[in-house]
Amino acid sequence: MVVGLIVFLARFATTTADARKPLIPLSAAFALGGVTLALSATGGALTATPLHSASAAAFTMAEMLHAVISWELSVALAPGAVQGTYLAVHRLAQSTQRSIGPLAVTTAIATGPLGRTVFGAAIALTCMIQHRLVREPLARTPLSVPPVTVSEH
């Protein structure tokens with residue numbers, strides 16, 4: 001799935017303003033992943049298998065969208081003088097995610113359908129908040145400097 005779709009999805013974040021738009025589908029993918037994961041616990045093996053597959057597909061799609069969006073926004077929204085610091089914090093956040101992520105997923109699965117739904121909804125809500133937060137900085141682009149995107153470097 002990643003090999004077949006990542007280049008296609010990268011087209012949706014070729015500019016910084018465009019990178020903001022997939023945050024809505026990203027939140028939907030995370031929410032769908034959480035809901036399908038929760039529903040997989042409510043039936044037997046015949047319903048659990050396609051629901052687990054749908055959940056895996058939704059979370060994989062969400063991860064790919066996140067990868068495409070996060071680099072563009074992390075570089076483009078950082079003030080030029082402290083861009084390195086912003087990127088360091090971005091990498092620190094990714095490291096924290098890799099450390100806490102497995103524990104969070106395990107906890108969500110162990111708490112049953114409600115925990116799985118809350119897990120997907122919490123991540124979706126975070127994406128919606130990010131969509132709102134980046135709107136204003138994107139509107140304030142300096143007129144004297146042409147916009148440069150990460151993909152142009």
Side-chain angles (χ1 to χ4, degrees), residues 1-78 83 85-139 147 149-153:
M1 192 172 164
V2 172
V3 171
L5 291 175
I6 194 67
V7 172
F8 172 75
L9 291 173
R11 295 178 188 165
F12 293 105
T14 55
T15 68
T16 305
D18 286 344
R20 180 180 172 260
K21 294 174 189 171
L23 285 167
I24 301 298
L26 174 61
S27 11
F30 276 125
L32 179 65
V35 168
T36 53
L37 192 60
L39 290 174
S40 70
T42 62
L46 289 177
T47 58
T49 301
L51 287 169
H52 273 132
S53 297
S55 180
F59 280 125
T60 301
M61 180 63 75
E63 281 293 321
M64 289 186 296
L65 282 171
H66 179 263
V68 167
I69 295 166
S70 69
W71 276 109
E72 178 67 38
L73 291 178
S74 66
V75 171
L77 295 177
Q83 207 169 43
T85 304
Y86 273 61
L87 289 175
V89 170
H90 181 260
R91 290 297 296 164
L92 180 63
Q94 287 180 332
S95 297
T96 303
Q97 176 187 355
R98 286 188 185 110
S99 300
I100 296 174
L103 179 61
V105 171
T106 302
T107 303
I109 291 171
T111 56
L114 179 62
R116 297 168 192 183
T117 305
V118 168
F119 177 73
I123 298 172
L125 178 64
T126 307
C127 296
M128 297 299 289
I129 291 169
Q130 183 179 12
H131 183 264
R132 175 82 175 144
L133 290 175
V134 300
R135 180 177 61 192
E136 203 171 298
L138 288 177
T149 64
V150 174
S151 56
E152 292 176 351
H153 289 282

Can you list everything that forms a side chain to side chain donor-acceptor pair (under 3.5 Å) with Gln83? Sequence neighbours excluded, please.
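Per chain and number, Gln83 pairs via side chain to side chain donor-acceptor pair (under 3.5 Å) with no residue.
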inquiry  = Could you work out, with side chain to side chain donor-acceptor pair (under 3.5 Å) as the rule, every residue matching His131, not counting sequence neighbours?
reply    =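 Checked His131 against side chain to side chain donor-acceptor pair (under 3.5 Å); matches are Arg20.
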Check your understanding: Which pairs count as ring-ring contact (aromatic ring centres under 6.0 Å, His included) when at least one residue sits in residues 9-44, sequence neighbours excluded?
Key ->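 Listed by first then second residue: Phe8-Phe12.
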Discussion item. Can you pull out every ring-ring contact (aromatic ring centres under 6.0 Å, His included) where at least one residue sits in residues 85-118? Sequence neighbours excluded, please.
Written reply: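 Residue pairs passing ring-ring contact (aromatic ring centres under 6.0 Å, His included), neighbours aside: Trp71-His90.
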Minimum heavy-atom separation for [X] and [Y], please, with both atom names.
X     : Y     : result
Leu9  : Val68 : O-CG1, 3.7 Å
Ser55 : Gly33 : OG-O, 3.0 Å
Met64 : Val2  : SD-CA, 3.4 Å

Please list all pairs passing the side-chain hydrogen bond (donor to acceptor under 3.5 Å, both in side chains) test where one or both residues lie in residues 35-50, with sequence neighbours left out.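 For residues 35-50: Ser40-His52.
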Residue pairs, two or more places apart or on separate chains, that pass side-chain hydrogen bond (donor to acceptor under 3.5 Å, both in side chains) and touch residues 92-121: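 Listed once each, the pairs are Arg91-Gln94.
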ask   = Could you give the distance from CG (Leu37) to CZ (Phe59), rounded to the nearest 0.5 Å?
value =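 Taking CG in Leu37 and CZ in Phe59, the distance rounds to 6.0 Å.
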query: At what distance, to the nearest 0.5 angstrom, does NE2 of His66 lie from CD of Gln130?
result: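 Nearest 0.5 Å value for the NE2-CD distance: 6.5 Å.
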| said: Tell me which one of Ile129, Thr126, Ile69 satisfies side-chain contact (heavy atoms from CB on, under 4.5 Å) with Leu23. | reply: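 For Leu23, the side-chain contact (heavy atoms from CB on, under 4.5 Å) check succeeds only for Ile69.
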Exam field: side chain Thr14 to backbone Ala10, donor-acceptor pair closer than 3.5 Å:
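Side chain of Thr14 to backbone of Ala10, a donor-acceptor pair under 3.5 Å: no, none is there.
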4.5 Å side-chain heavy-atom contact, [X] and [Y]:
X     : Y      : value
Leu26 : Ile123 : no
Leu5  : Thr60  : no
Asp18 : Glu72  : no

